[in-house]
Amino acid sequence: MIIFYAIAASLLALLLAGLKMKNVFSQPEGSERMKEIAEAIHQGSMAFLNREYKTLILFVVVVAAVLAAFLNVNTAVTFVVGAIFSAAAGNIGMRVATAANVRTAQASSETLQKGLKTAFSSGLIMGLCVVGLGVLGVSALYLYFGDPEIIYGFGFGASSIALFARVGGGIYTKGADVGADLVGKVEAGIPEDDPRNPATIADNVGDNVGDVAGMGADLFESYVDSIIATMALGVAITATGNGHVLLPLAVAATGIVMSIVGSFFVGGDKPEKALDRGIWIAAILAAVVMYFVVIYVLGPEHSNIYYAVLAGLVSGVVIGKITEYYTSAEYGPTREVSKAAETGAGTNVIAGLGLGMFSTLIPVLVVCAAIIISYQVAGIYGIAIAAVGMLSTLGITLASDTYGPVADNAAGIAEMASMGGQVRERCEQLDAVGNTTAAIGKGFAIGSAALTALALFVAYTQAAELSSIDVMKPTVTVGLFIGGLLPFLFSSYAMDAVGKAAEQMVEEVRRQFKEIPGLMEGKAKADYNRCVDISTTAALKAMVKPSVLAVLTPLVVGLALGSEALGGLLAGTVVTGFLLAVTMANSGGSWDNAKKYIESGNLGGKGSDAHKAAVVGDTVGDPFKDTAGPSLNILIKLVSIVALVFAPLF
């Protein structure tokens, strides 16, 4: 009964996504100039995704062959299915986002509320596809195989796609963004989305490949991994029946329904309150209904497990709000970073780094509290189900996050198509809210990654039959150090790749400004395709090394040093990866909004020395918050799922 409830909820999500998609595509696109710009963004986005998939197909085939040869064919099959489902969610989200951006701009020419509705609808499609495909995939595979451990392959497939999508998309978007900002804003003194800037189309493409396809794949991975890990742990503690195995599916299915209900409450005059209203209603309803779900699935004697679900749900909301506090220009911390720009780029960068480091305090304490509470009430199973609880309302949380890139693109189209000051102002208002929701989404993604990684870690210790890990053993200590090193080494590859891509972009933009007669006067057209190609080539080339590093390191340590040392590696990776991800995400978000705070007319406004300094800070923050930082979410989960899948070999 429960398994069919989960399948029904997933199909409902996909049906609603299809209806929303039909509605978005039926809306007017605006003028021919708007259509031309939107088509360029769409073509660039899909060209990148198609070239990325060619690399991914080779990776999936090779890994599937290894799994079939060294483990079993069933795991290889579920791995391929997981990869396909994850790629499908990202592909759908990308197609809708690149269609909704121009329609959001056109809707904003009528009213702000219509623009908000269009942008949010596109985000909701992405959110519903992620949760719908995730629950459908896990439920169907469990129904067929009857063994959660076989379904680890599904999580591994999702994680693999997520890493390539996050790293590749992040390198693409920030290589373009940094190059566009440094030459366009700082050197040429032209607006961010000025059509004279050759990198502006590549920048808008990057918003989609990084923050739509990348974020969607990231949270799809967390979502399915947390469910699968909890199901596997449920096998070990279920004496009769399979209630503990099916509970995570019931929790996820209920979260889907609550997200759909919450989406109907999004609306109103103020965009930020409109989005918050939907998230809060979904979370509160979920918090109430989950009690009855636990009682129905397990019986009143297991009502304690509800508090573990609640701990995860509450911790996700708290981490999101704390992220908003540290990154939004509405609050003191980011305004202090803005003020630091008055004395130069150096002090602005220092202030942003300090903020990011300090902002780790509360998220760590919140995750620690969730771990202790969930363990006290339900043991190791409680930690895993808390991760499912945190991600239960992902449908609407992800919708609010992927709303941001659509609003950002709409603002760019309004600028490039000369739609007028009022439309541009409305789109920028939507974009400003999108920056905040994106920051909250990144905080939520990091928190969920930490809890999901812990759930996978606990499942690994069970699979490897480790009752404890002795840190006094030299091999375990070595594993801890290698695990602690991994996020730093991984981040260095990502940051270096963005820097090199940005260098190429800067040189190309400078060349076009210099060599194309009449470009700066608006009498000639920039070569946008060349900049899109630079970002695409750089991203696809650079994403392989960190991705291979993430997959091979746990295999090498497990085979060379043993299962206990590998446990040490997983622990080290989770701790340093979580802290580094929070620091990077919040520093980057704060630098970005500090710049926008100045651009809105404060501290001298656009063109002032403070603004130029803040642009430099934002340039440093771009690969922090959109490449290296979010990629760490996937790293800490991927090493755990690799260890879990290959545990029999160790």
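Values below: every heavy atom of this structure, side chains too, minus hydrogens, waters and symmetry copies.
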Going by the side-chain contact (heavy atoms from CB on, under 4.5 Å) test, name the single residue among Q27, K20, M21 that passes it with S121.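 The side-chain contact (heavy atoms from CB on, under 4.5 Å) with S121 is passed solely by K20 among Q27, K20, M21.
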When M34 is tested against each of Q106, E29, M416, R103 for side-chain contact (heavy atoms from CB on, under 4.5 Å), which residue passes?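 Only match with M34 under side-chain contact (heavy atoms from CB on, under 4.5 Å): Q106.
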With no hydrogens and no angle check, is any side-chain donor or acceptor of [X] less than 3.5 Å from a backbone partner on [Y]?
| X | Y | result |
| --- | --- | --- |
| R33 | M419 | no |
| N348 | V337 | yes |
| T627 | G170 | yes |
| N208 | N204 | yes |
| R166 | S631 | no |
| T200 | R196 | no |
| N23 | L19 | no |
| N633 | A449 | no |
| Y172 | S45 | no |
| H611 | G607 | yes |

Any salt bridge linking [X] with [Y]? Criterion: basic side-chain nitrogen under 4.0 Å from a carboxylate oxygen.
| X | Y | answer |
| --- | --- | --- |
| R510 | E507 | no |
| E32 | K35 | yes |
| K525 | E36 | yes |

Where [X] and [Y] come nearest, the two heavy atoms and their spacing:
| X | Y | answer |
| --- | --- | --- |
| L116 | A274 | CD2-CB, 3.7 Å |
| A165 | A213 | CB-O, 4.3 Å |
| G132 | A13 | CA-CB, 4.1 Å |

Is the shortest side-chain heavy-atom distance between [X] and [Y] below 4.5 Å?
| X | Y | value |
| --- | --- | --- |
| I37 | I201 | yes |
| S608 | L603 | no |
| D527 | P198 | no |
| I161 | L56 | yes |
| D276 | K321 | yes |
| I319 | I322 | no |
| V131 | S259 | no |
| R277 | I281 | yes |

Answer yes or no: are there more than 12 heavy-atom neighbours, outside Q422 itself, under 6.0 Å from its atom CD?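 Counting other residues, nucleotides and ligands, CD of Q422 stays at 12 neighbours or fewer.
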State whether a side-chain donor-acceptor pair under 3.5 Å links S590 with T334.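 Judged by distance alone, the side chains do pair up.
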Ignoring hydrogens and angles, state whether a donor on the side chain of E39 or Q43 is under 3.5 Å from an acceptor on the partner side chain.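 Short answer, yes.
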Is there a side chain to side chain contact (heavy atoms under 4.5 Å, CB included) between N91 and M46 once you walk through the steps? CA-CA 8 Å; N91 194 293; M46 297 313 300; 4.1 Å; yes
